[in-house]
S.K.: 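A single structure is presented below for examination.
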There are 2 protein chains.
Amino acid sequence: MEKLKDITFYTMDKAIRTYRNFAQKKLKENGYKITIDQWLIIKAILENPGISQQELGEKVFKDNASVTRIIELLVKSDYLEREVNQNDRRKSNLKVTTEGKSIIDKVQTLVLENRKTALTGISFEDLEIMNRTLKTIIENCH
Amino acid sequence: MEKLKDITFYTMDKAIRTYRNFAQKKLKENGYKITIDQWLIIKAILENPGISQQELGEKVFKDNASVTRIIELLVKSDYLEREVNQNDRRKSNLKVTTEGKSIIDKVQTLVLENRKTALTGISFEDLEIMNRTLKTIIENCH
DNA sequence: TATCAATATTTGATATATCAAATAAATATT
DNA sequence: AATATTTATTTGATATATCAAATATTGATA
């Protein structure tokens, strides 16, 4: 029977979780009251103004239900504002507040540092190969 | 501002989730009433008889609290039995039931198929590089 | 031996993931 | 226009993740 440590998917899982924990801890250490996922959602809205929740979910690879709930919390934290979309009343217009923009800016530096730390000692070529490989896996599992 | 799709960690996250969803769907399609995480825990117990919950958590990289709750559900599903450890009454002895062994056996084939599908078209070298890279990330984030 | 410190597990609170069902609004069909 | 279908979002139920606090037990020490 194969050992767990030899399983690629186990290593993938462990790596992404180790990174998430690491990044989340850094956020907390620096007093930022935001989760990685919340940061991701705000960032996606900033990069895609007028995006719907559904598109948002596709963008950050999250379930509609998760998006709904993350947005609720972001509104509660005053990082987001939502209004009913007048063209299609099923949708809502999501706007990042000043406070939301501000925390994204502040956190940005930290995130770049975290990534740098996490990728220390990895060559550009290896990183490219990993990215390509991960993308192949994503394709294969569709 | 960098685009999300260019972010390595985002791709890692997406890849592992795509694989998990894919694998979980296959389990469901075949009528197996077990989650990937439950499968992982049972497998780790089979491979490490007498393992404590804490060691189990380290092995599969899960929080103690998560392990407790997954085990509760496994006991409820009759895949696991637990007794108080007489040497150390804080611990419990975890035993995989006949039914538990049976489902692991049956699911095993499916899991191997899933992995094969997910890794189609990826060279051994690239896979090795990815594994090495992931392990470096894990080290860097400790 | 009574007390203190360390260890293993559980529990509570909160966030996210997933699926299915429910709502609500828009669009198509008759 | 009334009805049916499709689409976007929400809600409920259940599983997992994370942290902190609570429990229970063991081991060490005064």
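In this text the structure is predicted, and so the values were computed from the model without any measurement. Note on naming: letters A, B, ... go to the chains in the order of the sequence lines (proteins, then strands), and numbering restarts at 1 for each one.
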S.K.: Starting at atom NZ of B:K14, determine the distance to atom P of C:dA17, rounded to an integer number of angstrom.
M.R.: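 It works out to 14 Å between those atoms.
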S.K.: Write down the distance between CD (A:E72) and P (C:dT16), rounded to a whole number of angstrom.
M.R.: 11 Å
S.K.: In whole angstrom, what separates B:I71's CD1 from C:dT11's P?
M.R.: 13 Å
S.K.: What residues, two or more places apart in sequence or in another chain, satisfy side chain to side chain donor-acceptor pair (under 3.5 Å) together with B:N93?
M.R.: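 Side chain to side chain donor-acceptor pair (under 3.5 Å) list for B:N93, sorted by chain: B:N85.
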S.K.: Looking only at non-hydrogen atoms, find the nearest pair between A:T18 and B:C141 and report the distance.
M.R.: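 Here A:T18 and B:C141 meet closest at CG2-CB, 3.6 Å.
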S.K.: Please list every donor-acceptor pair under 3.5 Å in which a side-chain atom of residues 21-34 of chain B meets a protein atom from a residue at least two apart or in another chain.
M.R.:
residue: B:Q24; atom: OE1; partner: B:I36; partner atom: N; Å: 3.1
residue: B:Q24; atom: NE2; partner: B:I34; partner atom: O; Å: 3.2
residue: B:N30; atom: ND2; partner: B:K26; partner atom: O; Å: 2.8

S.K.: Sequence neighbours excluded, which residues qualify as side chain to side chain donor-acceptor pair (under 3.5 Å) partners of B:S52?
M.R.: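 Per chain and number, B:S52 pairs via side chain to side chain donor-acceptor pair (under 3.5 Å) with B:E55.
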S.K.: A:N140: what forms a side chain to side chain donor-acceptor pair (under 3.5 Å) with it, not counting sequence neighbours?
M.R.: none
S.K.: Could you run down nucleotides 18-29 of chain C 5' to 3' and tag each one B, S or - for protein heavy-atom contact under 4.0 Å?
M.R.: BBS---BBS---
S.K.: Does B:Q54 place a side-chain N or O at less than 4.0 Å from the phosphate oxygens OP1/OP2 of C:dA8?
M.R.: yes
S.K.: Just how far, in rounded Å, is P of D:dT14 from CG of B:D37?
M.R.: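 After rounding, the reported distance stands at 18 Å.
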S.K.: Any side chain to side chain donor-acceptor pair (under 3.5 Å) pairs touching residues 70-84 of chain A, not counting sequence neighbours?
M.R.: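 Of all non-adjacent pairs touching residues 70-84 of chain A, those that pass side chain to side chain donor-acceptor pair (under 3.5 Å) are A:Q53-A:R82, A:R82-A:S92.
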S.K.: Roughly how many Å is it from CD1 in B:I34 to C1' in D:dT16, rounded to a whole number?
M.R.: 15 Å
S.K.: Rounded off to whole Å, could you give me the CD-to-C1' distance for the A:E83 and D:dT9 pair?
M.R.: 17 Å
S.K.: Give a yes/no on whether any side-chain N or O of A:R82 is located under 4.0 angstrom from OP1 or OP2 of D:dA8.
M.R.: no
S.K.: Could you pull out all residues at least two apart from B:R132 that satisfy side chain to side chain donor-acceptor pair (under 3.5 Å)?
M.R.: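 Once residues adjacent in sequence are excluded, the partners of B:R132 under the side chain to side chain donor-acceptor pair (under 3.5 Å) criterion are A:D126.
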S.K.: Specify the separation, in whole Å, of atom CD1 of A:I36 and atom C1' of C:dT16.
M.R.: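 These atoms are roughly 13 Å apart.
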S.K.: At less than 4.0 Å, is any side-chain N or O atom of A:T35 found next to OP1 or OP2 of C:dA15? Yes or no.
M.R.: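 So the side-chain polar atoms of A:T35 never come under 4.0 Å of the phosphate oxygens OP1 or OP2 of C:dA15.
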S.K.: Once you build an axis from the first five pairs and another from the last five of the helix from C:dT1-D:dA30 to C:dT30-D:dA1, how far apart in angle are they, to 10 degrees?
M.R.: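 Taking five pairs per end, the axes differ by 10°.
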S.K.: Take atom NZ of B:K33 and atom P of D:dT14, then tell me their distance rounded to the nearest Å.
M.R.: 14 Å
S.K.: Using every non-hydrogen atom in the two residues, find where B:Q108 and B:W39 come nearest and quote the distance to one decimal.
M.R.: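 Closest heavy-atom pair between B:Q108 and B:W39: OE1-CZ2, 3.9 Å.
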S.K.: With sequence neighbours excluded, what pairs up with B:F9 under the ring pair (Phe, Tyr, Trp, His ring centres under 6.0 Å) test?
M.R.: A:Y19
